[in-house]
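Report on the structure given below.
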Amino acid sequence: QVQLVESGGGLVQAGGSLKLSCAASASGFSIDAMCWYRQAPGNQRELVAVISSGGSTTYADSLKGRFTISRDTAKNTVYLQMNSLKPEDTAVYYCNAAARVRGTSFKTNYWGQGTQVTVSS
């Protein structure tokens, strides 16, 4: 089983920055990729950024240049650095892991509980 715990959310003024963390714990799994999603009340959940096991990154076009995803392999932690925050960035941010049963090709996805980010105008 894989467990994900997000942290680092909070209240920030427009133009400010926050750095989110997602700590992963896994037993018998390896993680192939980790993603950040976000969802505001009444809105659909949207993909923010992806980082693969090889370290390649992908961003939503609208966020490229403001948000940066990174990882610390030794700590099994992925980060989302958010700069120049806007009120429309207000949402619950979720970590997602694409995990593989170690030694097999079986894959599954896990979600964290989310962390609230609120950007005031």
Side-chain angles (χ1 to χ4, degrees):
Q1 192 80 355
V2 176
Q3 294 183 336
L4 306 174
V5 180
E6 301 100 330
S7 62
L11 176 64
V12 64
Q13 290 185 319
S17 299
L18 284 174
K19 188 173 185 178
L20 307 182
S21 299
C22 175
S25 62
S27 178
F29 288 83
S30 61
I31 298 175
D32 292 328
M34 297 188 73
C35 312
W36 284 99
Y37 285 77
R38 69 183 185 183
Q39 186 171 25
N43 292 356
Q44 294 183 333
R45 190 169 297 186
E46 62 177 341
L47 179 66
V48 174
V50 182
I51 186 164
S52 73
S53 60
S56 62
T57 58
T58 304
Y59 300 91
D61 289 341
S62 62
L63 302 177
K64 189 175 297 183
R66 293 197 298 123
F67 288 13
T68 303
I69 189 170
S70 62
R71 67 181 182 182
D72 186 330
T73 303
K75 295 181 179 180
N76 293 318
T77 301
V78 65
Y79 305 94
L80 184 68
Q81 178 67 51
M82 305 184 294
N83 298 322
S84 302
L85 284 164
K86 305 173 182 178
E88 52 262 44
D89 294 320
T90 295
V92 177
Y93 285 71
Y94 296 92
C95 183
N96 173 272
R100 178 186 300 176
V101 177
R102 191 168 291 118
T104 77
S105 61
F106 180 78
K107 298 179 180 180
T108 189
N109 282 279
Y110 292 87
W111 292 91
Q113 294 299 307
T115 184
Q116 176 71 48
V117 172
T118 303
V119 183
S120 63
S121 60

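Position 1 is the first residue of the sequence; numbering continues from there.
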Indicate if Leu4 and Val101 have the same hydrophobic cluster label, given that clusters are the connected sets of ILVMFWY residues with side-chain heavy-atom separations under 4.5 angstrom.
-> yes
Side chains of [X] and [Y]: closer than 4.5 Å at any heavy-atom pair?
X: Leu20; Y: Tyr79; result: no
X: Leu63; Y: Arg38; result: yes
X: Leu18; Y: Val117; result: yes
X: Met34; Y: Val50; result: no
X: Cys22; Y: Val78; result: yes
X: Leu80; Y: Val48; result: yes

What's the spacing between [X] [atom1] and [Y] [atom2] if we round to 0.5 Å?
X: Ser27; Y: Gln3; atom1: OG; atom2: CD; value: 10.0 Å
X: Glu46; Y: Asn43; atom1: CD; atom2: CG; value: 7.5 Å
X: Ile31; Y: Arg102; atom1: CD1; atom2: CZ; value: 9.5 Å

Is NZ or CZ of Arg100 both nearer than 6.0 Å to the six-membered ring centre of Phe29 and within 45° of the ring axis?
->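 No, Arg100 and Phe29 do not form such a contact.
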Do Lys64's NZ or CZ and the ring of Tyr59 fall within the cation-pi criteria of under 6.0 Å and 45°?
->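 Because its charged atom misses either the 6.0 Å distance or the 45° angle limit, Lys64 does not stack over Tyr59.
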Residue pair Ala14 / Pro87: nearest heavy atoms and the distance that separates them =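 Of all heavy-atom pairs spanning Ala14 and Pro87, the closest is CB-CD, 4.1 Å.
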Work out which heavy atom in Val2 is nearest to a heavy atom in Ala99; give both atom names and the distance.
->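 Residues Val2 and Ala99, closest heavy atoms: CG2-CB, 3.8 Å.
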Could you walk me through whether Trp36 and Phe67 pass ring-ring contact (aromatic ring centres under 6.0 Å, His included), step by step?
-> CA-CA 11 Å; Trp36 284 99; Phe67 288 13; over 10 Å; no
With a 3.5 Å cut-off and no angle check, do the side chains of Asn83 and Ser17 form a donor-acceptor pair?
->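 Yes, because at least one side-chain N or O of Asn83 sits under 3.5 Å from a partner of the opposite role on Ser17.
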Would you say the side-chain atoms of [X] pair up with the backbone N or O of [Y], donor to acceptor, closer than 3.5 Å?
X: Gln81; Y: Thr68; answer: no
X: Gln13; Y: Ser121; answer: no
X: Thr77; Y: Ala23; answer: no

Should the SG of Cys35 and the SG of Cys95 be checked, would they turn out to be under 2.5 Å apart?
-> no
With Val12 as reference, evaluate Asp89, Val119, Thr90 under the side-chain contact (heavy atoms from CB on, under 4.5 Å) test and give the passing residue.
-> Val119
Given Tyr37, which of Tyr94, Trp111, Tyr93 fulfils the ring-ring contact (aromatic ring centres under 6.0 Å, His included) condition?
->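 Considering Tyr94, Trp111, Tyr93, a ring-ring contact (aromatic ring centres under 6.0 Å, His included) with Tyr37 is found only for Trp111.
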Would you indicate whether Gln113, at its atom CD, is surrounded by more than 12 heavy atoms from other residues, nucleotides or ligands within a distance under 6.0 Å?
->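 No - once you tally the heavy atoms of other residues, nucleotides and ligands closer than 6.0 Å, there are 12 at most.
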Assess whether atom CD of Gln44 is packed by more than 12 heavy atoms of other residues, nucleotides or ligands within 6.0 Å.
-> no
